[in-house]
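Read through the structure below, which is laid out as structure tokens, and then see the notes.
What's counted below: heavy atoms across the whole structure, side chains too, no hydrogens, waters or symmetry copies. None of the values given here were measured: they were computed from a predicted structure. Both counts, for ligands and for their atoms, begin at 1 and track the order of listing.
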Amino acid sequence: MVGITYEDFLDLSYDPADSDLVCEFYVEPAADQDAESAASRVASESSNGTWAELQVDGGVTDLSATACGIEAATAGDREGYRVTVAYPDALFEGGNMPQILSCIAGNILGMKAVDRIRLLDCTWPEPLATSFAGPQFGTSVRSEIFDADDRPITATVPKPKVGLSTDQHAQIGYEAWTGGLDLLKDDENLTDQAFNPFEDRLTESLAQRDRAVEETGEPKSYLLNVTAGGTEMLERVDMAAEHGCEYVMVDVVTCGWAAVQQVRERCERHGLAIHAHRAMHAAFDRLPSHGVSMRVIAQIARLCGVDQIHTGTADLGKLANEDTVGINEWLTSDLYGLDDVLPMASGGLHPGLVPELVDRCGTNIGIQAGGGVHGHPDGTHEGAKALRAAVEAAAEGRSIEAAADDEPALATALDKWGTE
Ligand code: CAP
Ligand code: MG
């Protein structure tokens, strides 16, 4: 029998094995702790230790995490430490995201031993990463579903976000698609309410979509929000497939990762892509000194198999952002052959912001605008034309002013919103 104490989880000379899951935390020790004691508690409580000295057989210590790095760090105007923790692979059940998160982002977030703690980044070892399905399509949606060449794909979400009737919603879709946009998107809180029932919206929107395809000769698609509790969500996925959708949209944070994994399985059966809306992410990632970073949320989403996910607007637009560019790079870089993920920029965007957005994020993205399309002085159709023209110009390296000379709808949008 050996006694396991918090101190047993600290070894600054430990060099993580290739098979370890390595996590980086920002940690502010509580007043009665120092960096070492806080770091060892993080490793202990997130693997197999607890506050009391345990008398156990030696074998279980193989499952212990090791706090193996401590460096001074800042988070905004606060000061703390960057703590590296290496977790042995045997601690985890492959393919089970909730189990992994209950370790690395579980009880430790509420420990009294730390005033603040944030999971900043993970380095996923190959066996654990590839135990997940990963995306089916990723950035290839741009060519497999659309014919977007080198330009970003475009989407719009009807506004007001809830309250439009099914007819109004589908009509807005028609105007947006024929104005040149690729995708109509449901808003995150639109599911199956009485004013716009799910199945009616699905059939009417796709009927308008088919009209728009016929008229424009371009592929068009629809991000149908299937978010729901229990098995209802899977039934909605099935309905989407039966009616000829290419995508479903899921509110991935509010419905949880186990549900996302289930949807991913069901979507594979139908060959449907998944658009991930991240409503509620800011509860985890907004404070730079606490929670779970958007970078990690995006990593989790990729492993669970979403094809595209909102990652912010690189500080343009209306919402606070965490390092959009760095997150996008991670989502589109190699990960043991798992598919990549298409980053979606959204939140207060309008055509005038597109050149700067493309400058910061490149063209391998989706651009989503609600108010920036429907708030166009001449309505949704003109707003869609303006956004499409701005996106094409940015992808071709033409100035937005030159594009506005050719497209009056864009000139009107620039008059209204400018380029900032
Ligand atoms: C955008 C939006 C999106 C947010 C999500 C909204 O509308 O529909 O949900 O962009 O945020 O409801 O705010 P607007 P994020 O285009 O009218 O702003 O992409 O940061 O996850
Ligand atoms: Mg929205």
**Side-chain touch Thr311/Met344, heavy atoms, less than 4.5 angstrom** = no
**Asked** Based purely on interatomic distance, does Asn321 place a nitrogen or oxygen under 3.5 Å from a nitrogen or oxygen of ligand 1?
**Response** no
**Asked** Would a distance-only check, ignoring hydrogens and angles, find a side-chain to backbone donor-acceptor pair under 3.5 Å from His277 to Ala279?
**Response** yes
**Tyr26 side chain reached by Ile117 side chain, heavy atoms, under 4.5 Å** = no
**Prompt:** So, Asp285 versus Ser293: side-chain donor-acceptor pair below 3.5 Å or not?
**Reply:** no
**Item:** Shortest protein contact, atom 18 (O) of ligand 1 (heavy atom only)
**Value:** Gly348 N, 2.7 Å
**Request:** Determine yes or no for a side-chain-to-main-chain donor-acceptor pair under 3.5 angstrom, with Trp177 supplying the side chain and Ser221 the backbone.
**Result:** yes
**Polar contact flag for Lys161 and ligand 1 (N/O pairs, less than 3.5 Å)** = yes
**Asked** Would you say His243's side chain and Met239's backbone share a donor-acceptor pair under 3.5 angstrom?
**Response** yes
**Request:** Considering only NZ, NE, NH1 and NH2 on the basic side and carboxylate oxygens on the acidic side, decide whether Arg264 and Asp307 come within less than 4.0 Å.
**Result:** no
**Message:** I'd like to know if the side chain of Tyr174 pairs up with that of Glu215 as donor and acceptor (distance under 3.5 Å, no hydrogens or angles considered).
**Reply:** yes
**Message:** Could you identify the single nearest non-hydrogen protein atom to atom 6 (C) of ligand 1 and state the distance to 0.1 Å?
**Reply:** Lys159 NZ, 3.3 Å
**Message:** Nearest N/O/S atom of Asp187 with respect to the Mg ion (ligand 2), by atom name, please.
**Reply:** OD1
**Prompt:** Can you list every pair that meets salt bridge (charged side-chain N to carboxylate O under 4.0 Å, His left out) and has a residue in residues 313-329, with sequence neighbours left out?
**Reply:** Arg118-Glu322
**Asked** Backbone N or O of Val250 within a donor-acceptor pair of the Thr227 side chain at under 3.5 Å?
**Response** no
**Prompt:** What protein heavy atom sits nearest atom 13 (O) of ligand 1, and how far away is it?
**Reply:** Lys318 NZ, 2.8 Å
**Request:** Just need the protein heavy atom nearest to atom 17 (O) of ligand 1, so name the residue and atom and give the distance.
**Result:** Gly371 N, 2.8 Å
**Fill in**
Residue, atom and distance of the protein heavy atom nearest atom 10 (O) of ligand 1 read Ser346 OG, 2.6 Å
**Item:** Numbered atoms of ligand 1 (with element) below 4.0 Å of Ala369, judged on heavy atoms
**Value:** 16 (O)
**Prompt:** Any ion pair linking Asp238 and Arg266 (charged N to carboxylate O, less than 4.0 Å)?
**Reply:** yes
**Which residue and heavy atom of the protein sit nearest atom 20 (O) of ligand 1, plus the separation** = Arg278 NH2, 2.7 Å
**Enumerated ligand 1 atoms positioned under 4.0 Å from heavy atoms of Val157** = 8 (O)
**Item:** Heavy-atom nearest neighbour in the protein, as seen from atom 5 (C) of ligand 1, with distance rounded to 0.1 Å
**Value:** His277 NE2, 3.6 Å
**Item:** For Glu188, the ligand 1 atoms whose distance to one of its heavy atoms is below 4.0 Å
**Value:** 9 (O), 12 (O)
**Request:** Enumerate the atoms of ligand 1 whose separation from the nearest heavy atom of Gly347 is less than 4.0 angstrom.
**Result:** 10 (O), 18 (O)
**Prompt:** Can you tell which of Gly312, Gly372, Gly370, Ala279 gets a heavy atom nearest to atom 16 (O) of ligand 1?
**Reply:** Gly370
**Asked** Nearest protein heavy atom to atom 19 (O) of ligand 1, by residue and atom, and its distance?
**Response** His310 ND1, 2.7 Å
**Message:** Among the N/O/S atoms of Glu188, which is closest to the Mg ion (ligand 2)? Give the atom name.
**Reply:** OE1
